[in-house]
Amino acid sequence: MAPRTVDVVAAGPPPTDLYDPAGPAWALAAGLAARGHSVQVTYPAPAEAPAPPAGLLAAPFPAVTAHVGTPLGDAELTREAARHLRPAAGTIVRDPSGLGPLGHHAGHRSVVSFVRTLGAEPGAASAPTGWRAKLPGWGERRGVRRLEREALAEATAVCCASAAQRELLASDYGVAPERLRVTAPAVAPGPAAPAREAARRQLVVPDDVPLAVLLPPVDPANAPALVPAIEAFHRTRPIFTGARLAVLGIPEAPGPGLVSLPARDGATVASAVAAADVAIACASGLSLDPGIVVALRAGVPTIVAPSAPVGEEADGTVRRANVAEAGELASVLAELFADPEGRRALGEKGRAYAHRFDPDRLAEELESAGALGAA
């Protein structure tokens with residue numbers, strides 16, 4: 001299609017943490033730019049924020065408001081972002097959709113909003129981080145819902161992660177069905193991972209022992225969620241002599257057979273996954289764990305929670321298990337450790353499925369659906 005001028009409103013600067021909430025917006029911006037569109041990313045950022053990737057324009061603004069850290073503060077950031085939109089931009093992408101409208105700055109342009117979580121979703125208001133964890137009562141929750149509705153009302157296309165979310169947007173937020181699309185979030189490809197042997201040298205793990213990698217918790221404060229997986233590994237290790245578990249994203253994971261990797265950046269996660277026979281993801285919330293995508297792209301069989309939002313077509317591409325129950329998880333881990341051919345087959349299915357998260361695929365999907373508007 002003919003190149004478009006697209007402005008992306010992101011939640012923050014270019015991420016260094018694989019789990020940064022701003023990651024999907026920057027990944028999509030890169031995907032759009034790679035397909036020849038002129039893309040600017042507008043975002044709140046501190047003065048020392050990293051420079052944007054090559055090929056993208058940037059319009060950062062101070063991440064300071066009169067009500068910083070509150071829902072009203074988020075709406076104020078939306079209004080500030082709106083003032084930095086290019087007049088020539090025919091399409092505005094909001095990822096996430098966020099709180100409050102862009103207002104008159106949106107004009108008659110196409111507005112594509114990506115919904116990540118909603119205040120009306122079960123579990124959203126009790127999320128462990130950000131202002132959602134601090135909402136004191138019904139009155140403020142109602143204010144959040146109002147700001148969410150105002151943001152969604154001006155969108156010409158609303159992209160969400162699941163059929164359940166689509167139904168909620170139609171029933172509780174009044175979004176017309178013809179404006180709704182179920183799409184997979186974009187996850188940036190990240191740095192190239194080393195070969196398996198080189199990755200194992202970095203971890204000081206022999207080539208001939210089973211290795212599982214425990215992906216970081218999406219919320220850094222939720223390290224206790226990893227405890228059942230570590231216990232499951234300890235139950236499994238006597239069966240598989242020398243087995244190791246690389247634990248990512250927490251400061252220290254002491255114990256026999258454990259390798260601690262505190263970082264959560266894309267290079268660290270990709271390198272650990274490249275060395276692994278199995279990946280374990282403990283996330284079971286409302287947002288996709290990007291570490292799962294890294295593992296799937298590497299062809300590493302991945303154990304996920306039954307409720308992990310990997311997509312409604314993920315059956316047969318991941319292994320679902322109760323990751324909060326050490327006994328069940330130990331059985332599944334032992335089964336995969338003992339079955340190289342089964343691991344290979346599951347890994348290949350996962351690798352093929354992972355293409356749905358490629359930024360250029362999402363950019364092409366938006367083009368094909370006409371969501372980017374006229375040239």
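What you are looking at is a predicted structure, and each value in this text was computed from that prediction instead of being measured. Keep in mind that the numbers below use all heavy atoms, side chains included, and drop hydrogens, waters and symmetry copies.
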Chemist: According to the ring pair (Phe, Tyr, Trp, His ring centres under 6.0 Å) rule, which pairs have a member within residues 39-60, sequence neighbours left out?
Modeler: Trp26-Tyr43
Chemist: One pair to check against salt bridge (charged side-chain N to carboxylate O under 4.0 Å, His left out): Asp277 and Arg196. What are the steps and the verdict?
Modeler: CA-CA 10 Å; Asp277 298 298; Arg196 173 186 167 90; 3.2 Å; yes
Chemist: Calculate, to the nearest 0.5 Å, the distance between atoms OG1 and CD1 belonging to Thr302 and Ile280 respectively.
Modeler: 10.0 Å
Chemist: Do other residues, nucleotides or ligands put more than 12 heavy atoms under 6.0 Å from the CD atom of Glu178?
Modeler: yes
Chemist: With side-chain contact (heavy atoms from CB on, under 4.5 Å) as the criterion, how do Arg237 and Arg244 come out once you've worked through the C-alpha distance, each side chain's angles and the decisive distance to 0.1 Å?
Modeler: CA-CA 8 Å; Arg237 194 168 189 248; Arg244 308 291 176 85; 4.2 Å; yes
Chemist: Please identify which of these residues, Cys160, Ser97, Pro185, Pro21, meets the side chain to side chain contact (heavy atoms under 4.5 Å, CB included) condition with Arg116.
Modeler: Pro185
Chemist: Are Leu362 and Val6 grouped together when hydrophobic residues (ILVMFWY) are joined by side-chain heavy atoms under 4.5 angstrom apart?
Modeler: yes
Chemist: Ignoring hydrogens, what is the shortest heavy-atom contact between Ala274 and Pro194? Give both atom names and the distance.
Modeler: CB-O, 3.5 Å
Chemist: Yes or no on side-chain contact (heavy atoms from CB on, under 4.5 Å) for Thr183 and Leu366, after CA distance, side-chain angles and deciding distance?
Modeler: CA-CA 10 Å; Thr183 64; Leu366 294 178; 5.5 Å; no
Chemist: Could you check if a side-chain atom of Pro189 sits within less than 4.5 angstrom of a side-chain atom of Pro359, using non-hydrogen atoms only?
Modeler: yes
Chemist: I'd like a table of donor-acceptor pairs (distance under 3.5 Å, sequence neighbours excluded) in which one partner is a side-chain atom from residues 202-215, with atom names and distances.
Modeler:
{"from": "Gln202", "atom 1": "OE1", "to": "Ser271", "atom 2": "OG", "distance (Å)": "2.7"}
{"from": "Asp207", "atom 1": "OD1", "to": "Arg201", "atom 2": "NH1", "distance (Å)": "3.3"}
{"from": "Asp207", "atom 1": "OD1", "to": "Arg201", "atom 2": "NH2", "distance (Å)": "2.9"}

Chemist: Measure across Glu154 and Ala106 and return the closest heavy-atom pair with its distance rounded to 0.1 Å.
Modeler: OE1-CB, 4.1 Å
Chemist: Do you know which two heavy atoms are closest between Ala295 and Ala279, and how far apart they sit?
Modeler: CB-CB, 3.8 Å
Chemist: A side-chain contact here means heavy atoms from C-beta on lying under 4.5 Å apart; do Pro60 and Pro13 qualify?
Modeler: no
Chemist: How close do Pro228 and Ala225 get, counting heavy atoms only, and between which atoms?
Modeler: CD-O, 3.5 Å
Chemist: Would you give the length of the straight line joining atom CG of Leu118 to atom CD of Gln165, rounded to the nearest 0.5 angstrom?
Modeler: 5.5 Å
Chemist: Report the C-alpha distance between Arg344 and Glu348 in whole Å, list the side-chain angles of each, state the deciding distance to 0.1 Å, and finish with yes or no for salt bridge (charged side-chain N to carboxylate O under 4.0 Å, His left out).
Modeler: CA-CA 6 Å; Arg344 186 200 64 77; Glu348 287 306 311; 5.4 Å; no
Chemist: Can you pull the side-chain hydrogen bond (donor to acceptor under 3.5 Å, both in side chains) pairs that have at least one residue in residues 78-90, sequence neighbours excluded?
Modeler: Asp7-Arg86, Ser38-Arg86, Thr78-Arg94, Glu80-Arg83
Chemist: Applying salt bridge (Lys or Arg N to Asp or Glu O under 4.0 Å) as the test, list every pair that has at least one member in residues 293-307; sequence neighbours left out.
Modeler: Arg297-Asp358
Chemist: Using the test side-chain hydrogen bond (donor to acceptor under 3.5 Å, both in side chains), find all partners of Arg319 that sit at least two apart in sequence or belong to another chain.
Modeler: Glu335
Chemist: For residues Pro44 and Ala10, report the shortest heavy-atom separation together with the two atoms involved.
Modeler: CD-O, 3.5 Å
Chemist: Where do Gly311 and Tyr353 come nearest, in terms of heavy atoms and distance?
Modeler: CA-OH, 3.4 Å
Chemist: If hydrophobic clusters are built from ILVMFWY residues whose side chains come within less than 4.5 Å, do Val41 and Leu57 share one?
Modeler: no
Chemist: Considering only residues two or more places apart or on different chains, which pairs with a residue in residues 34-50 satisfy salt bridge (Lys or Arg N to Asp or Glu O under 4.0 Å)?
Modeler: Arg35-Glu367
Chemist: Donor-acceptor check, side chain of Arg200 to backbone of Ala275, threshold 3.5 angstrom: yes or no?
Modeler: yes
Chemist: Check whether any side-chain heavy atom of Leu372 lies under 4.5 Å from a side-chain heavy atom of Leu32, and answer yes or no.
Modeler: yes
Chemist: Quick test of your reading: applying salt bridge (Lys or Arg N to Asp or Glu O under 4.0 Å), list the pairs with at least one residue in residues 256-269, sequence neighbours left out, ordered by first then second residue.
Modeler: Asp17-Arg264
Chemist: Side-chain heavy atoms under 4.5 angstrom apart, residues restricted to Ile, Leu, Val, Met, Phe, Trp, Tyr: same cluster for Ile239 and Leu258?
Modeler: yes
Chemist: Is any side-chain heavy atom of Arg179 less than 4.5 Å from a side-chain heavy atom of Leu152?
Modeler: no
Chemist: Are any of the side-chain nitrogens in Asp172 or Arg149 under 4.0 Å away from the carboxylate oxygens of its partner?
Modeler: no
Chemist: Quick check for you: to the nearest 0.5 Å, what is the distance between Thr5 atom OG1 and Ile92 atom CD1?
Modeler: 12.0 Å
Chemist: Can you name the one residue among Ile292, Leu336, Val318 that meets side chain to side chain contact (heavy atoms under 4.5 Å, CB included) with Ile303?
Modeler: Leu336
Chemist: Examine Leu28 and Val112 and state if one hydrophobic cluster contains both, with Ile, Leu, Val, Met, Phe, Trp and Tyr joined whenever side-chain heavy atoms are less than 4.5 Å apart.
Modeler: yes
Chemist: Examine the side chains of Tyr173 and Glu148 and answer whether a donor and an acceptor come within less than 3.5 Å of each other.
Modeler: yes
Chemist: Please determine whether side-chain contact (heavy atoms from CB on, under 4.5 Å) holds for the pair His37 and Thr91, giving the CA-CA distance in whole Å, both sets of side-chain angles, and the decisive distance to 0.1 Å.
Modeler: CA-CA 11 Å; His37 303 292; Thr91 302; over 6 Å; no
Chemist: Side-chain donor-acceptor contacts of residues 322-334 below 3.5 Å, not counting sequence neighbours, with atom names and distances?
Modeler:
{"from": "Asn322", "atom 1": "OD1", "to": "Ala324", "atom 2": "N", "distance (Å)": "3.1"}
{"from": "Glu325", "atom 1": "OE1", "to": "Gly327", "atom 2": "N", "distance (Å)": "3.2"}
{"from": "Glu325", "atom 1": "OE1", "to": "Glu328", "atom 2": "N", "distance (Å)": "2.6"}
{"from": "Glu325", "atom 1": "OE2", "to": "Gly327", "atom 2": "N", "distance (Å)": "3.4"}
{"from": "Glu328", "atom 1": "OE2", "to": "Asn322", "atom 2": "N", "distance (Å)": "3.0"}
{"from": "Ser331", "atom 1": "OG", "to": "Gly327", "atom 2": "O", "distance (Å)": "3.3"}

Chemist: Got a second to check how far Ser113's OG is from Leu102's CG, nearest 0.5 Å?
Modeler: 7.5 Å
Chemist: Output all residues satisfying ring pair (Phe, Tyr, Trp, His ring centres under 6.0 Å) with Tyr19, sequence neighbours left out; order by chain, then residue number.
Modeler: none
Chemist: Look up atom CG in Leu288 and atom OG in Ser162, then write down how far apart they are to the nearest 0.5 Å.
Modeler: 12.0 Å
Chemist: Sequence neighbours excluded, which residues qualify as ring pair (Phe, Tyr, Trp, His ring centres under 6.0 Å) partners of Phe233?
Modeler: none
Chemist: Begin from the C-alpha positions of Asp360 and Glu364 and carry the test side-chain contact (heavy atoms from CB on, under 4.5 Å) through to its verdict.
Modeler: CA-CA 6 Å; Asp360 59 345; Glu364 183 179 12; over 6 Å; no
Chemist: With sequence neighbours left out, write down each residue that passes side-chain hydrogen bond (donor to acceptor under 3.5 Å, both in side chains) with Glu150, or none if nothing qualifies.
Modeler: Arg146
Chemist: Kindly give the cluster partners of Phe61, where membership spreads through any ILVMFWY side chain lying under 4.5 Å from a current member.
Modeler: Leu77
Chemist: Does Leu18 reach the side chain of Thr268, with side-chain heavy atoms less than 4.5 Å apart?
Modeler: no
Chemist: Say whether Val111 and Val39 are linked into one hydrophobic cluster, either directly or through other cluster members, by side-chain heavy-atom distances under 4.5 angstrom.
Modeler: no
Chemist: Say you draw a straight line from CD1 of Ile250 to CG of Leu261; how long is it, rounded to the nearest 0.5 Å?
Modeler: 10.5 Å
